[in-house]
Amino acid sequence: MQASAIMNSFVVKFIFWGILTALAYHIVVGIRHVLMDFGYLEESLAAGTRSAQVAMGITLVLSVLAGVLVW
């Protein structure tokens, strides 16, 4: 009961959402770096920039989904 009451606080939900967003970013960019280590996404500066934009877009979507999960 006490844990449920603590999790209903806006501040705690916001911190939990932030942690989930940071974790999603870390995972997405980690996968991007693994792909780059295998030789993909390294053809040019434009390809690297585009893959970074795609990674940020995926992170944004995952962040919204984490917000829906938390709230």
Side-chain angles (χ1 to χ4, degrees):
M1 293 291 287
Q2 187 177 5
S4 177
I6 291 171
M7 279 305 294
N8 284 332
S9 167
F10 174 78
V11 174
V12 173
K13 285 183 180 182
F14 185 75
I15 291 171
F16 191 59
W17 172 76
I19 291 169
L20 289 176
T21 299
L23 181 63
Y25 175 77
H26 185 73
I27 290 170
V28 169
V29 176
I31 291 170
R32 176 180 176 253
H33 280 278
V34 168
L35 290 173
M36 290 173 73
D37 286 343
F38 284 125
Y40 301 105
L41 310 173
E42 289 185 331
E43 296 84 29
S44 65
L45 180 62
T49 303
R50 185 69 184 150
S51 69
Q53 291 171 343
V54 169
M56 288 303 294
I58 292 171
T59 302
L60 179 67
V61 169
L62 291 174
S63 177
V64 169
L65 290 175
V68 169
L69 177 71
V70 170
W71 275 285

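All residue numbers in this chain count up from 1 along the given sequence.
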All side-chain contact (heavy atoms from CB on, under 4.5 Å) counterparts of Ile6, not counting sequence neighbours:
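side-chain contact (heavy atoms from CB on, under 4.5 Å) check on Ile6 returns Gln2, Val12.
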
Can you sort out the partners of Ala22 under side-chain contact (heavy atoms from CB on, under 4.5 Å), two or more places apart, ordered by chain and number?
none

In this structure, would [X] and [Y] fall into the same cluster of hydrophobic residues linked by side-chain contacts under 4.5 Å?
{"X": "Ile27", "Y": "Trp17", "value": "no"}
{"X": "Phe16", "Y": "Trp71", "value": "yes"}
{"X": "Val68", "Y": "Leu20", "value": "no"}
{"X": "Leu45", "Y": "Leu35", "value": "no"}

Check which hydrophobic residues are tied to [X] through side-chain heavy-atom contacts below 4.5 Å, counting indirect links as well, and list them.
{"X": "Ile19", "value": "Val11, Ile15"}
{"X": "Met56", "value": "Tyr25, Val29"}
{"X": "Ile58", "value": "Val28, Val54, Val61, Leu62, Leu65"}

Parallel, tilted or perpendicular for Phe10 and Phe14, by the 30°/60° rule?
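Parallel, since the angle between the ring planes stays under 30°.
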
Side-chain donor/acceptor of Thr59 to backbone N/O of Ala55, under 3.5 Å:
yes

If the condition is side chain to side chain donor-acceptor pair (under 3.5 Å), which residues does Ser51 pass it with, not counting sequence neighbours?
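Arg32.
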
Distance col, row His26:NE2 vs Ile31:CD1, nearest 0.5 angstrom, shows 10.5 Å

